[in-house]
2 protein chains.
Amino acid sequence: MARKHATIHDIAKKAGVSSSTVSRALQDNPVINDKTRERIKALASKLNYQPNVLAHNLRKGRSKMVGVLVPRIDHHFFSSVIGGIEKVLNEAGYNVLILQALDSVEKEVINVQSLLEQRIAGVLASPLALSTDNKHYQKLVRNETPLIFFDNTHINMPVSMVLNDDYKGSRLATEHLIEQGCKRIIFLGGPRENYIYKRRFEGFMDVMAEHKLKVDEDLIFNRRLDFISGNEVAEIIMKQKVMPDGAFSVTDHQAIHLMQALKRVGVKIPKQFAITGFSNADYSSIIEPSLTTIDQHSLEMGTLAAKMLLEEFELRKANQFIPKKIYLNPELVIRQSSLRKK
Amino acid sequence: MARKHATIHDIAKKAGVSSSTVSRALQDNPVINDKTRERIKALASKLNYQPNVLAHNLRKGRSKMVGVLVPRIDHHFFSSVIGGIEKVLNEAGYNVLILQALDSVEKEVINVQSLLEQRIAGVLASPLALSTDNKHYQKLVRNETPLIFFDNTHINMPVSMVLNDDYKGSRLATEHLIEQGCKRIIFLGGPRENYIYKRRFEGFMDVMAEHKLKVDEDLIFNRRLDFISGNEVAEIIMKQKVMPDGAFSVTDHQAIHLMQALKRVGVKIPKQFAITGFSNADYSSIIEPSLTTIDQHSLEMGTLAAKMLLEEFELRKANQFIPKKIYLNPELVIRQSSLRKK
DNA sequence: CTGAAAGCGCTTACAG
DNA sequence: CTGAAAGCGCTTACAG
């Protein structure tokens with residue numbers, strides 16, 4: 001391990017003062033004599049003194065580190081949210097510890113445990129929600145560690161959260177497809193236990209019902225496309241007696257794979273078949289045709305979540321904390337993949 | 001802040017034993033009586049005891065946390081490397097603290113400082129290298145904090161590193177273009193101070209010279225495409241008396257933007273103009289035509305770097321540490337954008 | 001303006 | 001097998 005670092009005690013000895021004085025000088029405590037302070041500071045930098053945050057936090061009983069839990073960092077959405085979080089928290093003097101669950105609830109549990117042991121100041125989490133198990137998050141609540149959910153959530157926990165209005169986003173995309181003349185729209189979903197996908201499904205179904213459009217059970221693909229490939233879905237589509245004319249996908253990833261599979265078998269996009277995705281991934285604008293999708297204001301979600309956490313710190317001190325929910329307005333980004341009327 | 005957590009002392013009091021005994025019991029020290037241990041463990045879990053890692057590390061003089069510094073996490077390459085790092089380090093009982101510099105040397109310096117203060121066990125870093133300033137990394141070296149560079153580097157520091165053989169990757173791509181019949185190839189580069197881009201430039205130039213192909217100074221775009229758009233480059237290309245027939249780009253991102261700009265003005269890719277990128281970004285396979293590029297084995301780079309760090313821990317203990325460099329073999333991934341001969 | 005002392009929550013060498 | 005004591009590196013209430 002690293003060489004022994006210089007300590008406050010070392011500096012004190014060399015300077016011929018007490019540790020108390022050194023500690024105060026380094027903190028710019030105005031009570032210390034100017035000359036003494038300067039002498040101590042010079043000595044500290046000469047000795048290459050690095051404050052020991054471990055000891056500092058232990059003594060102060062709190063840390064300036066916030067944990068951020070995400071399913072994975074290699075999704076543009078999450079890295080963008082994290083960008084927003086870091087911006088706000090760094091300015092407020094907090095460090096951010098990023099942990100990814102990599103789609104494993106087990107790892108998510110380990111990550112929460114690790115944050116708990118680090119005596120982290122607070123946690124910002126986008127829970128996996130692959131299972132309804134939330135004992136690990138309950139543990140944080142029980143320890144009164146400030147916790148904010150973003151993007152995804154365990155909806156009934158007494159925790160503040162900033163969510164995308166998935167229901168509304170889903171409505172926007174579906175209405176857009178209908179407006180473009182689609183009548184027979186397929187649904188590419190995700191696991192229903194996941195609150196997000198549940199809401200997107202509901203938005204889709206409601207709009208379809210309002211427009212008295214039939215939804216064929218066979219054309220609801222309600223799981224991740226990891227399990228059913230774009231090619232397979234395309235094949236099923238091509239076998240239909242009445243050819244479907246559009247698809248609403250709950251992710252951009254699925255939408256693109258379906259689009260490419262359909263192109264391969266000669267379907268013209270968007271002329272014969274319109275497609276919309278969800279979440280405005282970075283590649284959704286560079287593929288061709290570019291993908292119509294729902295933007296979730298990821299950066300803003302990050303800054304908002306971070307601000308809520310800082311606010312919660314204050315409110316808890318005053319014993320006035322009450323959880324609140326904020327819904328962000330999703331935005332329809334119209335691109336080429338859905339524009340049948342030009 | 002969080003409610004006061006239960007401590008070893010609290011458990012000891014309730015159990016009617018000393019803190020020493022509790023500490024030993026929780027560590028499964030075999031010297032402790034089985035019944036006592038069980039009683040203590042039951043009590044600990046009943047009190048919802050969470051070990052305080054801060055205190056633990058302070059006492060032990062080391063932490064089980066490793067810092068990972070990257071320019072940004074929203075590049076597939078880096079998130080993939082991080083995936084590899086986490087896999088190896090988590091298995092070895094280490095936590096990973098991810099920090100991003102967001103293209104700011106200033107933030108990189110702050111991040112290193114923060115790791116230093118956390119008394120981190122070691123650091124894995126992909127330095128920005130926008131400037132030649134490496135004082136912050138020198139500080140880590142001086143403190144004998146194990147440090148590994150990956151992907152990018154300050155080449156002359158006494159630090160172990162695992163690098164992509166950028167020179168060779170660049171050669172592969174250039175040779176491929178020549179093999180496909182390109183004679184007048186343009187170069188889309190990045191800032192020359194960056195060791196990576198420097199090497200890619202050298203590889204390109206050497207191969208061109210070996211094949212006695214002329215490189216027009218006007219067709220070397222040696223900076224990021226952020227500053228000169230795909231459209232601008234396309235415009236310059238179209239103005240040439242002898243039309244260039246290929247481009248080697250040091251990033252996929254630039255390659256794609258140029259490709260789209262050229263398509264917009266009617267150039268047929270790859271028939272009239274072949275393009276290769278670098279680093280096999282996730283979207284390079286889904287765009288059309290799909291992009292020929294150089295894969296850098298990002299996951300392997302991560303696992304290797306992590307293993308080197310673990311090894312360095314051991315070597316330092318035995319006072320046998322000597323820095324070493326490992327170069328990974330880049331791989332040419334041939335796709336549609338460059339295939340002029342079919 | 002400065003210092004001695006206590007304590008944050010742990011671990012461990014030493015003694016019994 | 002168990003405990004008292006010291007100490008990791010800090011900060012701060014108290015005293016002067």
For B:L54 and C:dG9, what is the distance between atoms CG and C1' respectively, to the nearest whole Å?
9 Å
Please state how far atom CG in A:N29 lies from atom C1' in D:dA13, giving the value in whole angstrom units.
13 Å
Select base, sugar-phosphate, or nothing to describe what B:I8 touches, counting heavy atoms under 4.0 Å on all strands.
sugar-phosphate
Could you tell me how far D:dA15 sits from D:dT11 if I compare only their P atoms? Round to whole Å.
22 Å
Applying a 4.0 Å non-hydrogen cut-off, can you work out what B:T7 is touching in the nucleic acid: base, sugar-phosphate, or nothing?
sugar-phosphate
If we count only N and O atoms by modelled type, under 3.5 Å, do the side chains of B:N52 and B:Q50 hold a donor and an acceptor together?
no
Please give, in whole Å, the distance from D:dT11 P to A:R59 CZ?
9 Å
Side-chain N,O (A:Q27) to OP1/OP2 (D:dT12) below 4.0 Å:
yes
For C:dG16 versus C:dT12, give the span between their C1' atoms, rounded off to a whole number of Å.
16 Å
Below 4.0 Å: OP1/OP2 of D:dC1 and any side-chain N or O of B:K35:
no
Is a side-chain N or O of A:E86 found less than 3.5 angstrom from the main chain of A:V96, in a donor-acceptor match?
no
Considering heavy-atom distances to DNA chain C, does A:I32 or A:R119 have its closest nucleotide positioned more toward the 5' end?
A:I32
When you measure from the side-chain N and O atoms of B:S18 to the phosphate of D:dT2, is any distance below 4.0 Å, counting only OP1 and OP2?
no
Using OP1 and OP2 only, check whether a side-chain N or O of B:T36 sits under 4.0 Å from D:dT2.
yes
5′-ward residue of the pair A:D34/B:Q50 relative to DNA chain C:
A:D34
Name all pairs fulfilling the salt bridge (Lys or Arg N to Asp or Glu O under 4.0 Å) condition that reach into residues 66-80 of chain B, sequence neighbours left out, sorted by first residue then second.
B:R72-B:D74, B:R72-B:D103
Let me see the working for A:M308 and A:K324 under side chain to side chain contact (heavy atoms under 4.5 Å, CB included), right down to the final yes or no.
CA-CA 9 Å; A:M308 282 170 84; A:K324 66 177 176 186; 4.0 Å; yes
I need the CD-C1' distance between B:E117 and D:dG9, as an integer number of Å.
13 Å
If we take the P atom in both D:dA5 and D:dC1, what is their distance in whole Å?
24 Å
Looking at the side chain of B:T21, which of D:dT11, C:dT12, D:dT2 is the nearest nucleotide?
D:dT2
For the side chain of A:S20, starting at C-beta, report the closest nucleotide among C:dG9, D:dT11, C:dA5.
C:dA5
Could you tell me how far apart A:K13 (NZ) and C:dG3 (P) are, to the nearest whole angstrom?
15 Å
Determine: side-chain N/O of B:H5 to OP1/OP2 of C:dG9, distance under 4.0 Å, yes or no.
no
Nearest-Å distance, CG (A:L47) to C1' (D:dG9)?
15 Å
If you measure only the distance, is there a donor-acceptor pair under 3.5 Å linking the side chains of A:S114 and B:N95?
yes
Test item: A:N143 side-chain N/O and A:K139 main-chain N/O as donor-acceptor pair under 3.5 Å:
yes
Determine whether A:R119 and A:M65 make a side-chain contact, defined as any pair of heavy atoms from C-beta on separated by less than 4.5 Å.
no
Base D:dG3 to side chain B:R24, donor-acceptor N/O within 3.5 Å cut-off:
yes
My understanding is that only one of B:L97, B:V112, B:V66, B:L140 makes a side chain to side chain contact (heavy atoms under 4.5 Å, CB included) with B:I120; could you say which?
B:L97
Nearest to the A:V17 side chain among C:dG3, C:dC10, C:dT12, which nucleotide is it?
C:dG3
Picking from C:dT12, D:dT11, C:dG9, which would you name as closest to the side chain of B:S23?
C:dT12
Given that B:A55 and B:V31 both sit by DNA chain D, which one's nearest nucleotide is further toward the 5' end?
B:V31
Between C:dC1 (P) and A:E38 (CD): distance, integer Å:
13 Å
Runs of at least three consecutive pairs that involve DNA chain C, where pairs are Watson-Crick or G-U with distances under 3.5 Å:
C:1-3 with D:14-16, C:5-12 with D:5-12, C:14-16 with D:1-3
Mind checking whether B:R24 and B:R37 have side chains closer than 4.5 Å, heavy atoms only?
no
